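Labels below follow one simple rule: chain letters A, B, ... track the order of the sequence lines, proteins then strands, and each chain is numbered from 1. Computed from a prediction, not measured in an experiment: that's the story for all the values here.
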Amino acid sequence: MNPPIINPAARNSPSPLPQLPVARLHIPRRLFSSFEGVFHEELFFLILSVFIGIFSGLAVVCFRLAIDWMHLALLGPLPQNDGWRLFAVPALAGLVVAAIVIHVFPSIRGSGVNQTKAALYIFNGVIPFRTAVGKFICSAIAIGSGQSLGPEDPSLQIGASIASALGRWLKISREKLRLMAPVGAAAGLAAAFNAPISAVLFVIEEVIGRWSAGILGSVVLSAVSSVVIVRWFLGSEPLFRIPVTTFKRPTELIAYAVLGIVGGLASVVFAKSIGYLRPRLKALPRWTQYFQPAVAGLLVGLIAFLGAPQIMGAGYDSMDQAMHSQYTWEFLATLAVLKILATTVSFVSGTPGGMFAPTLFIGAMLGGAVGDLERHFFPQLTGSTGTYVLVGMGVLFAGFLRVPMTSVFMVLEVSGNYEIIVPVIIANTFSYLVSRGLQSIPIFDLLSRQDGLILPSLEESREETILRVEDAMLPVPAIILSAQDYVDANARRIQDSADSTFLVRLHPSGWNTVSRDELQRFFQEGKGELTLASVLPPQSLPSLYPDLALDAALRYVNVYPLVPVVNRADSRQLEGVISRDSVFTKYGSTQRVAGV
Amino acid sequence: MSWTFPKLVPRSAPLVLLILTLAAAVAFAAVGHLVSRFTANQQARGRKLYVLGLADASAARYDDAIAAFRAALTCDPANSQYQLSLARALRDSNDPRRLDEAESYLIALWQRTPQDAAISLALARVAAHRGSIEDATRYYHNAMYGVWNSDPDANRRKARIELIQFLLKKGAPDKAESELIALATSLPPNPAAHLQAAQLFEQAQDSANALAQYEEVLRLDPANSSALAGAGHAAYRSGNYATAQRYLQAAVNADPQDADSRQLLTTADLILRTNPFHSHISDAERNRRITVAFEQAEKRLTECATQMNDDFKAATGSPASPLSSLQSRWTAAKPNLARLRSPAETDLPDSIMDVVFQIERQTAASCGPPQGLDLALLLISQKREAVTQ
């Protein structure tokens with residue numbers, strides 16, 4: 001995995017992330033002094049994860065209430081009764097949000113995922129608490145007023161911010177403080193989605209960017225505890241009422257593959273629109289930032305006013321209705337297109353809010369449209385509209401957010417139905433491949449690069465070519481000396497060899513080396529009648545396995561001239577040897593191929 | 001603006017955990033208070049919207065009702081009553097696309113409270129809208145055996161009657177009949193209930209049970225003209241002409257304008273007067289009735305042949321038509337009339353009447369429904385056949 005670096009080319013561009021004070025870096029021994037051995041830092045961190053989950057869950061409950069309250073206050077319970085509100089409220093709210101963001105919370109622009117990731121890799125786990133406050137207020141106003149954004153990304157960042165604040169308050173070690181933000185992010189996302197498994201996977205796939213056993217326990221604990229809190233207060237009702245979903249014939253997988261391809265293309269359009277418009281709007285004069293969210297709101301309001309109020313806000317109710325065949329395929333397709341447009345303008349205008357819910361919305365509508373259309377031409381397809389809508393959600397998640405594992409578990413967790421796992425995997429795989437083929441940089445990486453940050457990602461590490469020991473391994477040497485043989489016998493064996501160092505097989509197992517000079521010295525010292533084992537220093541070389549990463553060899557090749565590479569099933573069976581020259585030669589050739 | 005955090009002076013882990021626990025408890029209580037207040041407001045708003053939705057639904061403005069119920073549900077998402085009402089509005093809107101959503105709501109409710117009869121009934125109606133006999137029967141049965149909040153017996157009866165009507169509409173009289181038999185055992189002593197059951201039995205073509213129900217009505221309300229006519233009709237259809245005559249006479253007396261009953265009464269009278277197999281008549285009377293029937297059969301045969309231009313009396317070489325063959329049988333049987341008086345000829349009445357019945361059945365098939373004495377003879381033949389079988 002690449003280390004996080006600041007892109008030199010972007011150093012002069014204004015970063016959305018403020019230069020934050022670095023947390024105290026000492027490990028506070030006093031914290032654990034009272035119960036030394038009982039409350040060691042690892043255990044304390046796990047317990048702290050539960051509290052992070054609780055506090056994040058409570059914050060997300062308040063956040064959801066705030067959005068609901070805003071929605072009722074601004075748009076009313078029956079928005080179709082007041083057309084003018086649809087038109088005016090998002091624009092007016094956009095003005096208010098822009099003013100608050102510019103003057104009070106300038107750091108809340110941008111993706112919460114990337115800011116959490118930056119906290120982990122760049123800012124030593126520090127996310128200012130004011131970011132949580134700002135996200136809470138501005139996102140509640142924006143989403144409540146109908147801007148086409150979702151509450152999940154802000155929830156994620158609120159959770160991460162709370163965790164970071166707690167960590168700094170308790171002055172935990174820098175190493176742990178860095179991990180606090182992802183733990184809080186998992187709690188926030190799990191609470192927002194009411195789906196702990198998906199939240200854990202997302203944080204690992206996208207925020208942490210690597211599988212780490214050390215943090216997994218904390219992430220799971222915080223996610224589960226936050227979901228418990230949310231269910232305690234808001235009930236355990238799922239996001240959607242899942243209709244009967246069916247998958248009967250394997251041949252129907254072709255229909256789902258088509259959905260995957262369409263979803264992949266839509267993901268590319270969506271990502272490219274954001275990638276194209278965002279830097280251009282950011283480059284406009286500063287005074288325009290006061291009006292960008294308002295213009296976005298005006299467009300959203302216009303779309304709603306003209307007959308598609310479903311695209312406003314997160315849109316979970318509309319997804320639910322799509323799942324129950326309430327719309328024709330033409331309307332579903334229209335909603336998908338309009339939602340891409342509305343979300344793009346809402347997001348690129350700098351309005352705080354996330355893209356998770358809109359992604360699900362677009363996928364749901366697209367899935368329903370493609371499914372209905374396919375069934376129109378092929379009536380023998382048995383999948384219901386609800387099935388296609390569900391699969392469609394995962395498709396956009398996989399294609400747009402580029403989190404293939406999360407996308408599968410998201411659908412399964414939301415639907416509670418494992419019957420559709422095969423269609424989901426097939427469709428998501430196609431969507432992911434199409435999206436990756438046409439848009440090499442995932443959306444979160446794109447956004448972070450536009451902000452001047454280059455952060456590691458799991459997708460990047462998945463595609464890295466890993467050099468292994470076997471790549472640099474030399475063949476088994478022609479001469480292998482035996483430690484049980486006499487020195488003079490061994491000296492005779494190497495007479496005709498041009499090598500300077502020889503591998504020695506120890507008895508009953510193990511390996512050592514001896515140089516030509518050493519052997520000659522032993523002979524001259526009159527030790528020719530002694531066994532090699534008795535004159536060599538009593539040490540056994542470390543051995544390597546062919547499948548180990550070549551990096552693992554680096555720690556030995558400077559110490560030992562030859563390192564044996566042995567079979568995992570039989571450590572006496574030599575597969576080859578490795579030396580400093582062979583390792584560096586391999587690294588050198590790889591760099592030349594890569595053009596470095 | 002910047003936030004600073006108070007420093008925690010004693011840094012021991014147990015104390016930190018204690019403080020965090022206390023902070024969590026305080027935050028929990030505060031959020032709980034907030035949520036309960038918000039929920040109370042939302043529920044009040046939801047109730048208003050729900051009332052609005054009910055008004056729209058009762059005025060058959062289902063689109064408005066659906067919007068109002070949806071809005072009510074956004075205020076109080078877990079409210080079963082709102083979900084049930086929305087599901088009903090979706091179902092009653094006569095839009096097939098909405099049945100899925102209605103069913104989804106109802107199934108979610110049913111999974112939560114499978115014993116709730118109202119939910120099962122709503123699910124049954126959705127299944128009935130879809131035309132699924134199996135699902136509808138299952139859910140109607142769930143409704144019948146489920147828990148009703150008020151007046152359980154009446155509601156269970158209504159559910160069963162609804163199921164019976166659905167089964168009859170779907171052309172499944174056998175299944176309807178078994179439900180009807182169960183219904184009949186649970187009817188209250190109420191003439192209207194028995195009258196409805198009797199009419200349903202008639203639709204299920206179970207005249208015997210229909211007659212029993214009409215008689216129960218008449219036991220409770222002897223002057224009930226609908227029951228009198230119904231009992232007469234049911235008795236007539238089941239071949240019980242003496243009973244039919246009695247009830248039809250009473251029905252005609254009660255309502256002289258009842259032309260159907262009057263016509264059936266005429267036929268029933270005729271049957272009773274001409275049936276040679278009646279058990280309480282003398283041999284002479286029986287022979288007379290056989291003779292009258294035999295002559296009527298010949299008359300009917302001739303009329304039918306004329307109507308069909310079938311000159312069977314002239315035909316000699318061509319293949320025999322059904323009517324000419326019957327004419328031959330009639331001619332062959334005619335001499336037997338003279339032997340009716342003989343006590344040794346015990347099978348003779350049956351063989352002569354067999355010719356009569358065959359003629360009546362064939363002419364009914366060839367020349368249309370008979371009238372008067374021919375109709376009586378045809379009905380006697382059908383009853384005779386049913387008794388024989």
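Both the backbone and the side chain of A:Phe233 come within contact range of chain B, judged by heavy atoms closer than 4.5 Å. Of the atoms belonging to B:Leu73, not a single heavy atom falls under 4.5 Å from chain A. The part of B:Gln42 that comes within reach of chain A is its side chain, from C-beta onward, which places non-hydrogen atoms under 4.5 angstrom from that chain. Both the backbone and the side chain of A:Trp69 come within contact range of chain B, judged by heavy atoms closer than 4.5 Å.
Taking a 6.0 Å sphere around NE2 of A:His103, one finds it holds more than 12 heavy atoms contributed by other residues, nucleotides or ligands. Within a 6.0 Å sphere centred on CG of B:Asn149, other residues, nucleotides and ligands contribute 12 heavy atoms or fewer. Residue-environment remark: CH2 (B:Trp148) exceeds the threshold of 12 foreign heavy atoms within 6.0 Å. Other residues, nucleotides and ligands contribute only 12 or fewer heavy atoms inside 6.0 Å of the CZ atom of B:Arg37.
Not a single salt bridge (charged side-chain N to carboxylate O under 4.0 Å, His left out) links B:Asp92 to another residue, sequence neighbours left out. Not a single salt bridge (charged side-chain N to carboxylate O under 4.0 Å, His left out) links B:Arg45 to another residue, sequence neighbours left out.
Contact residues of residues 21-30 of chain B toward chain A are B:Thr21, B:Ala23, B:Ala24, B:Ala27, B:Phe28 (heavy-atom distance under 4.5 Å). Within residues 321-328 of chain A, the residues having any heavy atom less than 4.5 Å from a heavy atom of chain B are, in residue-number order, A:Gln321, A:His324, A:Ser325, A:Gln326, A:Tyr327, A:Thr328.
Between the CD1 atom in B:Ile19 and the CH2 atom in A:Trp169 there is a gap of 6.0 Å [rounded to 0.5 Å]. A distance of 5.5 Å separates SG in B:Cys75 from CG in A:Leu72, rounded to the nearest 0.5 Å.
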### Query
Can you list the steps and then say if A:Leu166 with B:Leu20 is a side-chain contact (heavy atoms from CB on, under 4.5 Å)?
CA-CA 10 Å; A:Leu166 200 59; B:Leu20 284 176; 3.7 Å; yes
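Chain B forms more heavy-atom pairs under 4.5 Å with one residue of A:Leu234, A:Leu65, A:Asp320 than with any other, namely A:Leu65.
Contact detail for B:Leu17 and A:Phe44: the closest heavy-atom pair is CD2-CE1, 3.8 Å.
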